[in-house]
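Working notes, structure below.
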Amino acid sequence: MTTYLFSILTAGSDRMAQTDPHGWTLTIISVTVVFLALIVLYFLYNLSGKIFTGAFKRKSSTKKNAQVPDAEVAAAIALALDMEEDGDTYAAIAAAIHLYLATGVHDTEPGIVTITRKDSSPWSSKALTFRKLPR
Amino acid sequence: MTTYLFSILTAGSDRMAQTDPHGWTLTIISVTVVFLALIVLYFLYNLSGKIFTGAFKRKSSTKKNAQVPDAEVAAAIALALDMEEDGDTYAAIAAAIHLYLATGVHDTEPGIVTITRKDSSPWSSKALTFRKLPR
Amino acid sequence: MTTYLFSILTAGSDRMAQTDPHGWTLTIISVTVVFLALIVLYFLYNLSGKIFTGAFKRKSSTKKNAQVPDAEVAAAIALALDMEEDGDTYAAIAAAIHLYLATGVHDTEPGIVTITRKDSSPWSSKALTFRKLPR
Amino acid sequence: MDTIIDSLQQFWQYTGFANCTWQHLAMIAIGLIFITLGIVKKWEPLLLVPIGFGMIVGNIPLFFDPATGAGLKIGIYEDGSVLNILYHGVRNGWYPPLIFLGIGAMTDFSALISQPRLILIGAAAQLGIFGAYLLALLLGFAPNEAGAIGIIGGADGPTAIFLSSKLAPELMGAIAVSAYSYMALVPVIQKPIMLLLTTKKERLIRMRKPREVSQREKIVFPILGFICTAFIVPSGLPLLGMLFFGNLLKESGVTKRLAATAGGPLIDIVTTLIGLTVGASTQADVFLTGRSVLIFGLGLASFVIATTFGVGFVKFMNLFLSEEKKINPLIGNAGVSAVPDAARVSETVGLEADPSNHLLMHAMAPNVAGVIGSAVAAGILLSFLG
Amino acid sequence: MDTIIDSLQQFWQYTGFANCTWQHLAMIAIGLIFITLGIVKKWEPLLLVPIGFGMIVGNIPLFFDPATGAGLKIGIYEDGSVLNILYHGVRNGWYPPLIFLGIGAMTDFSALISQPRLILIGAAAQLGIFGAYLLALLLGFAPNEAGAIGIIGGADGPTAIFLSSKLAPELMGAIAVSAYSYMALVPVIQKPIMLLLTTKKERLIRMRKPREVSQREKIVFPILGFICTAFIVPSGLPLLGMLFFGNLLKESGVTKRLAATAGGPLIDIVTTLIGLTVGASTQADVFLTGRSVLIFGLGLASFVIATTFGVGFVKFMNLFLSEEKKINPLIGNAGVSAVPDAARVSETVGLEADPSNHLLMHAMAPNVAGVIGSAVAAGILLSFLG
Amino acid sequence: MDTIIDSLQQFWQYTGFANCTWQHLAMIAIGLIFITLGIVKKWEPLLLVPIGFGMIVGNIPLFFDPATGAGLKIGIYEDGSVLNILYHGVRNGWYPPLIFLGIGAMTDFSALISQPRLILIGAAAQLGIFGAYLLALLLGFAPNEAGAIGIIGGADGPTAIFLSSKLAPELMGAIAVSAYSYMALVPVIQKPIMLLLTTKKERLIRMRKPREVSQREKIVFPILGFICTAFIVPSGLPLLGMLFFGNLLKESGVTKRLAATAGGPLIDIVTTLIGLTVGASTQADVFLTGRSVLIFGLGLASFVIATTFGVGFVKFMNLFLSEEKKINPLIGNAGVSAVPDAARVSETVGLEADPSNHLLMHAMAPNVAGVIGSAVAAGILLSFLG
Ligand code: NA
Ligand code: NA
Ligand code: NA
């Protein structure tokens, strides 16, 4: 029994061809494991979320969460959609996410989100500035 | 016959030493091929030039090609001659060529040609600006 | 005799284990050589210092060496101490040394010492400016 | 004089003109199409341009005499040639992990951290991989080949190259080209499926703004994420380890210069070389076969299945969710990875239904989860079939 | 159905959970501590974060059946695995010289050039290396192992990796981790020794501002410095050559772009990979031994001895120096290298005694001399024991 | 005590002082001259400084006992040493194509595209290569050696290293050093020849401003250029492919970050390592031979021939051109490549004749054509002699 199973798992392609010719065993196990792995991550971040949110809720409740500067977020998204060229999309999307999640809260970070567009240098050194005007 | 010729071409140094001890065969073939290769390029770009120039002539005729801002070109050239340090020459010469070919025509590119001089970072991120003043 | 000695030096670990089981021979030779190497450097730079200082003394005597802008040096040092993050320390210390050694003397270099702090790009492209105000 | 003319004739034999076949020209034409699509359509240009040029490079007709073995030793499959040396990183599988290092160093996982339930969409979309696996077996491919073909459905270029270089090196060119082609075609493929599977009402679902994510969470994420996934699927270690390592360098706040280099010069160098050599590995005689056509068909199928399961899974989740927690199924397609193009499709299609409903940031969660998911899937396939 | 459940059970055997031992968990915990110290304490983060993550990567439990040899071929010690390929640069010793190239391209030797007498402190502090060598022999290590352990006292990570990869590869993980740990702990270790060995009066010594250094001297320095040290200790050539070459690129004024790359992307790439792979090489079964504990003890001893001799040597020099030329013994600790942390300790402790007495720039002289000194010492050990 | 003194004596045997010969010192002196010329004269400093320092590194006298084979295993020719590993890229010929990738990513081919007839000058100047080939055969070199020597006349460092590493590795050091020396000396060598061969009137010829070049042409250029040249000379593929690939990355407009890295960090890293290792490969016993002297003589001859044919060919073309289309023969020298120094010589000499007549932009056309031309010539030589 064990030997049979063992053969499945240490097996390369040849043994799989014999023991699982239609691929259903591999498929079912694999899908299960993929879901398992990501469900574990889900629980983990759910948990960490609950731990960290406590601290954050307090913080954000002291600020007015109402004034969502949608315009800024929309601008960042527009940029992210537009910027197919040259891979700047990563930076644009990061900016959009940052603005979106952080709206209404002055976080401890510089408060300026920087992306670049025209510059030909690598992303890291690019600099198109979304300024958060002092409110 | 064919075998003899074949031996020439698959041959390494040893066979060439036998079949072409003074090197004239190799030289004549090689020079012919070098010329051939570059003549093909010549015809190609000549042709592409004729195709593309049509479009361009129209474009440039609408603009005043007369006002050649020689000063700018000369400045870029001066920079290119001067900049022996640190390999910036490539960027300087590219700028000179760009200004030279493009003079009098506002092309679709940003209109600012950027070279760097003092900065120690790689060329790509350097920034000494030749501004094309709005005319 | 020579063979014996030779065995010491071509030897790997095994022969050292036999001929120098407690390690004192290796230690004494090594310490001697380390000191020797650095003493040679000492004499060399001492000498070069004497050669070059002549030229410099003249230069610096024409300027007022008295006004040591300690504040600037202290600021640079403070930065160097603070900047444990991300390896900017090299640049900060270089700036401190530069300011310290050069104080009161306007050297031929740009006169602006540049370090960066927040920027995430490599050191080389960082730019936090200690301006030497025109005095 | 006689010698010279004869020699010239002989030289002719060495030229590309003399050795050219229609297959060479076909492959060069495909390369030109790739370059054109990359430049004109701006579809994944960082990949299509190098791969396209590589296809041209790899299909310059070279003289080779099978009888004597005489020939220029410059092809990508000839030991010691320049192309062959640069190809090592593909064949030995260490370019893809370095690309993952750079991707990790550029990717912001906040969207995922703040909405962990969206991770599951990234799991569902991996069904495209296994659907294609089953189909490939049906079509007569061996299991290792079927696994390598299936991974096209992971919509992740480096993962596809990594896995196919381990499982079925001879199919790697076709698989990589297929994977990148469909990644470039994501907007074309996914939109109709998304419209077909969703109702107008579903497309209008507005999702709540998720909570903020602290820097500490962002730092803990790659460490915890790596340990969990690697314990479950140790064979995914090369890809997952590098992805999370790069992300830790980015988020730690004290190793920014390492992250900047990993997501800058390092990933650029590897991207250039992987594209060029993968392209050059598609030599006509290896590439232009009936199997390549099948692989392209299976690749398309895997993208369709993945998108279907991604969108369908959101609808399935919605059955169990209260009204205000419902998820817009238009972000389901993003589970396939193809970062960030798939997420942009979500945004675009969403905007068509409601111009004020931005889905991009929500879609980034299944999108990056899909990267993790397909690396996990690749690990599993490797442990079964490797 | 039976097959599937059984297969899942079998899959379990491959997971990290099934193969996990307390040693794996211990090493992962150590990795987490390294990362935490790097991020929270900001101790050598460019090294501790990659090494710490590498430790986690290297200690994910992998299935291996010694009977059949079956197992995933992804560990750092398995030929052809990704980690193994990236580890080549450590094992063959070419990462450290590339790091020295970058360090040379970033280091300003002016402090040393303007005060050459301070070089000797950098020689005295190397006694830590040989003190640890003698102790290691006493504890029963073989001479090659003792030499590799001694180099921890050089307080120079790349040098330690270079020498131990040549002399005692099997101890390299423990030696590298020990070296970086104590380099990170320099402030903690050195301060009490410095206070113990100096009087209040000595700590108040003000040193004269040294002369300026011309650009020409800075250019001549690396050339002359290399020729001299390499003639005396040719076996130090790989490290010394690269260090001085990098510095020449920096100071020549005409090769700035090469220096910027050497001290930028190149050193970043190598630092990332050396940290990750050195960390991953500390697999539990190799690392968690009594010998590792001994190595950590000897490493601590070597730092203590080095600091003692550094400070003591300044006091010895002061016996022969006129009042106005006396050297503040608080810069003696800087001779160990650990650039620039040891010099910062000098400054900090000096400021506590007199808040207007800056020692940093003076301390940089023995600090960079210590780098040269330990590279010389490594060369000697290599020629004796290699 | 006796042991120690004896050991010290023995240690002496290992030092550079004990093994030093006048050849070592001569090579170190040459290295110093290279560095000085690079820094003071600013002649090709990116190459002369690394090569010069490499010469010093490669000529530190190392102990080697031919009887026992005992010695330090750190020389560039000893398997597994650091220098030896970094030298792989030279010996296996993959550094030069990577440099070509970077050059392509930096070079603007507009000048050539807008004045295609100037391409032919770049063909004529390659006669320097074959002139030197004939002379080298006359002097008794074997054909492969003669080919490698001839390529010096291509005035292109990476091409010279690439070809000589394939045809005559043992002469590579001398050939590379010769090529770079004369490239640095281009202004000194070419100016008198140009003045000798041209009349005052010819030097005053004003050339018409060429047409503009559209971005589309710039994109099409590298693709078409590569296909044509590679079909004619497939053996030039490694160099031509990389040159045009780099240029496509630059001009495509959608892969700028890849071009920036190829023409930035990547070319910097390779330039640093190729310079250092080529310099270090000139070990006295290999380098200081009568043959090296001959190679230097032949190299000079090849530059003279190339310049002569370049200028002469323009005069020949002018015979067939109408007055307003005549070409200033002062741009003929630029056909040798040596980008962009040769083109700058054209400009400078032209300005002396007429201070308002700028030739630089015109001269860039034969200059970059010369790069293509010598890569083609290298390909031909490789297919005949490889
Ligand atoms: Na995926
Ligand atoms: Na040290
Ligand atoms: Na040439």
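Quick note on labels: first sequence line is chain A, next is B, and so on, each numbered from 1. All values derive from a computational prediction rather than experimental measurement.
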Measure [X] against the heavy atoms of chain E and call it side chain, backbone, both or neither at under 4.5 Å.
| X | result |
| --- | --- |
| D:Leu249 | side chain |
| D:Leu382 | neither |
| D:Pro238 | side chain |
| D:Phe162 | side chain |
| D:Ala262 | neither |

> Which atoms form the tightest heavy-atom contact between D:Pro234 and E:Gly16, and what is the distance?
Replying inline: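 The answer is CG-N, 3.7 Å.
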>> For E:Ile35, give me all partners under side chain to side chain contact (heavy atoms under 4.5 Å, CB included), at least two apart in sequence or on another chain.
In response: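 Side chain to side chain contact (heavy atoms under 4.5 Å, CB included) check on E:Ile35 returns D:Ile223, D:Leu248, E:Ile39, E:Phe53, E:Ile56.
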> Any ring pair (Phe, Tyr, Trp, His ring centres under 6.0 Å) pairs touching residues 247-273 of chain D, not counting sequence neighbours?
Replying inline: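 For residues 247-273 of chain D: none.
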>> Rounded at 0.5 Å granularity, tell me how far CG in E:Leu276 sits from CG in D:Leu258.
In response: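 It is 11.0 Å, given to the nearest 0.5 Å.
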> Looking at CD1 of E:Ile60 and CG of D:Leu237, how far apart are the two atoms once the value is rounded to the nearest 0.5 Å?
Replying inline: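 Atom-to-atom, E:Ile60:CD1 and D:Leu237:CG are 6.0 Å apart.
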>> Quick check on E:Ile85 against chain D: is it the side chain, the backbone, both or neither that has a heavy atom closer than 4.5 Å?
In response: side chain
> Which bit of E:Leu266 comes within less than 4.5 Å of chain D, counting heavy atoms only: side chain, backbone, both or neither?
Replying inline: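 No part of it gets close to chain D.
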Would you enumerate the inter-chain donor-acceptor pairs between chain D and chain E whose distance is below 3.5 Å?
unit_1	atom_1	unit_2	atom_2	d
D:Phe231	O	E:Gly16	N	2.6
D:Arg257	NE	E:Asp268	OD1	2.5
D:Arg257	NE	E:Asp268	OD2	3.4
D:Arg257	NH2	E:Gly263	O	2.8
D:Arg257	NH2	E:Asp268	OD1	2.8
D:Thr261	OG1	E:Asp268	OD2	2.6

> How would you list, by chain and number, every residue that makes a ring-ring contact (aromatic ring centres under 6.0 Å, His included) with D:Phe231, sequence neighbours excluded?
Replying inline: E:Phe17
> Taking C-beta and beyond as the side chain, do E:Val57 and D:Phe245 meet within less than 4.5 Å on heavy atoms?
Replying inline: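 The answer is no, as the side chains (C-beta and beyond) never meet within the 4.5 Å cut-off.
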> When you look at CZ of D:Phe309, are more than 12 heavy atoms from neighbouring residues, nucleotides or ligands closer to it than 6.0 Å?
Replying inline: no
